[in-house]
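Working notes for the structure below.
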There are 2 protein chains.
Amino acid sequence: MEEIRRIKRELAYKGRIINIYKDYMALPNGHTAVWDFVEHKGAAAVVAVTKEGKLLMVRQYRNALERDTLEIPAGALNYVGEPKEQCAARELEEETGFRAGKLTWLMNINTTVAFCNEFIGVYLAEDLIPSRQHLDDDEFLNVEEHELDELLAMVFDGRITDSKTAAALMAYKLKRG
Amino acid sequence: MEEIRRIKRELAYKGRIINIYKDYMALPNGHTAVWDFVEHKGAAAVVAVTKEGKLLMVRQYRNALERDTLEIPAGALNYVGEPKEQCAARELEEETGFRAGKLTWLMNINTTVAFCNEFIGVYLAEDLIPSRQHLDDDEFLNVEEHELDELLAMVFDGRITDSKTAAALMAYKLKRG
C-alpha cells in the first residue's frame, strides 16, 4: 500500500472525555489533507454472567442519542495506560454491585476507526460475588438481568445498537454460548 | 429512571466529518453537567459475499489508530437523511468495484454511544456483479478476499478490532452462516 504520513497534529478542542485534533496528512497523490482525530483514553466493558446464566445489563440515558440505551457495563479508564482488566473489574462493581470471581478476556474493540482511537477491552465476568453498587456523582443507571438469546434477538432486530454491546454479546455466543 | 434533560447545545468545533458540541445537561441530583456530543451524519457498511462464499474486505490506513485496518466496505452518507441502502450500494461499488445484485439489511450500529450519534446501517450484498472501482480523490485502499471463518478468528484473537466489522461478521455468521 502507498504510504500515508502525518505531518502535524494540532489540538483543536479539549472536551470532557475526548479531545479533538487536526491531523495534517501527506497523501500518496501529493495532496495534503486535514483529517479529524478524536482522542479518547480507552475503556473496558464486561459481559457479566450470573449463576442462573443471565446477563447483567445497564440502562442509561445517552445525550448523544437523545434516548436510553441497554448496554453491557462499561466505563473509561481512570488514566491512560490503566490495565483494562482492572478497569473492567471496577466498572462492573461500581455499576452493578457485583464483583467478578473470575474475569477473562473476551475481545478488543476500536469503536470508530475513521476518526477516533477509542479502544475497549471486553472481559467475561463469572462467579459473581454480591458487593455494593457505587455510581459516580453524576451517573444514573438501572441494572437489568436478561437472557442471552433475548439480547441477541434485540441485536438482530435493531433494538440494541451499541457496538460494544452487540459485538460482545455475539462474541460470547460464538466463543462460549 | 429519573429524568435527565438537555438545557442547551453549543457548537464547540466544526471538523471535516464531525462537529463537536457542548451539551448542558440538567441531572436528577440538581447538578448541571457539560457533556461532549460528537455529531456525525451517519454511514453504511456492507458484508459482501462472492459467488465462492468469500468476503470482500478493504485494508486502509487510519490516522486515528496510526496503522492499517482490515474492514468491511463502508462510507459516510452523502447527506443527512440519505437512504442507508443507497449509501451501502454506492460505497460497495466505489470501494470494491462490485455492484450488489441483492442487498438486504443485516443490522444497525451506533458506534460509540457515550459521546457520538454515529449510526451505521449494515447490509448484506450478494449476487455481486463486476463493475468499476472509483475511489474518492484522497481515498487509498486495497481490496482483499477472505473466508468468513478466517475473519472470525481475527476478531476473536484481536487482529480485527473495528467494531462495525466485528459486529457485522458475527451477525452474518449467527444469522446466515
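In the text below, chain A, chain B and the rest are named by the order of the sequence lines, each starting its count at 1.
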### Query
About how many Å separate NZ of Lys173(B) and NZ of Lys173(A), when rounded to the nearest 0.5 Å?
13.0 Å
### Query
Using non-hydrogen atoms only, which part of Phe115(B) is less than 4.5 Å away from chain A: side chain, backbone, both, or neither?
both
### Summary
When every non-hydrogen atom of Val34(B) is compared with those of Arg16(A), the smallest separation belongs to O-CD, 3.1 Å
## Note on the structure
Rounded to the nearest 0.5 Å, the CZ atom of Phe140(B) sits from the CD atom of Glu3(A) at a distance of 12.0 Å
### Message
I need the residue from Leu152(A), Asn108(A), Leu174(A) with the largest number of non-hydrogen atom pairs under 4.5 Å to chain B.
### Response
Leu174(A)
### Query
So, for Glu71(B) and Val113(A), which heavy atoms are closest and what is the spacing to 0.1 Å?
OE2-CG2, 3.2 Å
### Query
Where is the tightest heavy-atom contact between Ala166(B) and Met107(A), given as atom of each residue plus distance?
CB-CE, 4.2 Å
### Distance, nearest 0.5 Å, that separates OG1 of Thr112(A) from CD1 of Ile109(B)
10.0 Å
### Task
Give the minimum heavy-atom separation between Asp138(B) and Trp35(A), together with the two atoms involved.
O-CZ2, 4.0 Å
### Message
Using the rule that Ile, Leu, Val, Met, Phe, Trp and Tyr join whenever any side-chain heavy atoms are under 4.5 Å apart, tell me whether Leu151(A) and Val58(A) fall into a single cluster.
### Response
no
### Task
Against chain A, label Ala114(B) side chain, backbone, both or neither, depending on which of its atoms sit under 4.5 Å from a heavy atom there.
both
### Message
What residues of residues 75-85 of chain B make heavy-atom contacts with chain A at a cutoff under 4.5 angstrom?
### Response
none
### Task
Might you work through the side chain to side chain contact (heavy atoms under 4.5 Å, CB included) test for Arg6(B) and Glu66(A), ending with a clear yes or no?
CA-CA 9 Å; Arg6(B) 190 175 75 226; Glu66(A) 302 183 324; 2.5 Å; yes
### Message
With a 4.5 Å cut-off on side-chain heavy-atom distances among I, L, V, M, F, W and Y, is there a chain of contacts connecting Val122(A) to Leu55(A)?
### Response
yes
### Query
In this structure, are over 12 heavy atoms from other groups packed under 6.0 Å from Lys14(B) atom NZ?
no
### Task
Just give me the residue among Ala74(A), Ala33(A), Ala12(A) that pairs up with chain B most often, heavy atom to heavy atom, under 4.5 Å.
Ala12(A)
### Message
Quick check against the 3.5 Å criterion: does Asn63(B) have a side-chain atom that pairs as donor or acceptor with the backbone of Phe37(A)?
### Response
no
### Task
Can you measure from OH (Tyr13(B)) to CG (Leu11(A)) and round to the nearest 0.5 angstrom?
9.5 Å
### Task
Answer with side chain, backbone, both or neither: which region of Arg67(B) has an atom nearer than 4.5 Å to a non-hydrogen atom of chain A?
side chain
### Worked check of side chain to side chain contact (heavy atoms under 4.5 Å, CB included) between Leu65(A) and Phe119(B)
CA-CA 10 Å; Leu65(A) 306 188; Phe119(B) 177 92; over 6 Å; no
### Query
What part of Ile20(A) is in contact with chain B, defined as an atom under 4.5 angstrom from a non-hydrogen atom: side chain, backbone, both or neither?
side chain
### Message
Suppose a student defines contact as a heavy atom less than 4.5 Å from any heavy atom of chain B. Which residues in residues 154-165 of chain A would they list?
### Response
Val155(A), Phe156(A), Asp157(A), Gly158(A), Ile160(A), Thr161(A), Asp162(A), Ser163(A), Lys164(A)
### Task
Could you state whether Leu56(B) and Val49(B) fall into the same hydrophobic cluster, counting links through intermediate Ile, Leu, Val, Met, Phe, Trp or Tyr residues with side-chain heavy atoms under 4.5 angstrom apart?
no
#### Entry: Cys116(B) SG to His40(A) NE2 distance, which is reported to the nearest 0.5 Å
11.5 Å
### Task
Report yes or no: do Leu128(A) and Ile72(A) belong to one cluster of Ile/Leu/Val/Met/Phe/Trp/Tyr joined by side chain heavy-atom distances under 4.5 Å?
no
### Query
Which pair of heavy atoms, one from Asp137(A) and one from Asn29(B), lies closest together, and at what distance?
O-ND2, 3.1 Å
### Message
Are Ile120(A) and Met170(B) linked, directly or through intermediate hydrophobic residues, by side-chain heavy-atom contacts shorter than 4.5 Å (ILVMFWY only)?
### Response
yes
### Segment of Ile18(B) engaging chain A (4.5 angstrom heavy-atom cut-off)
both
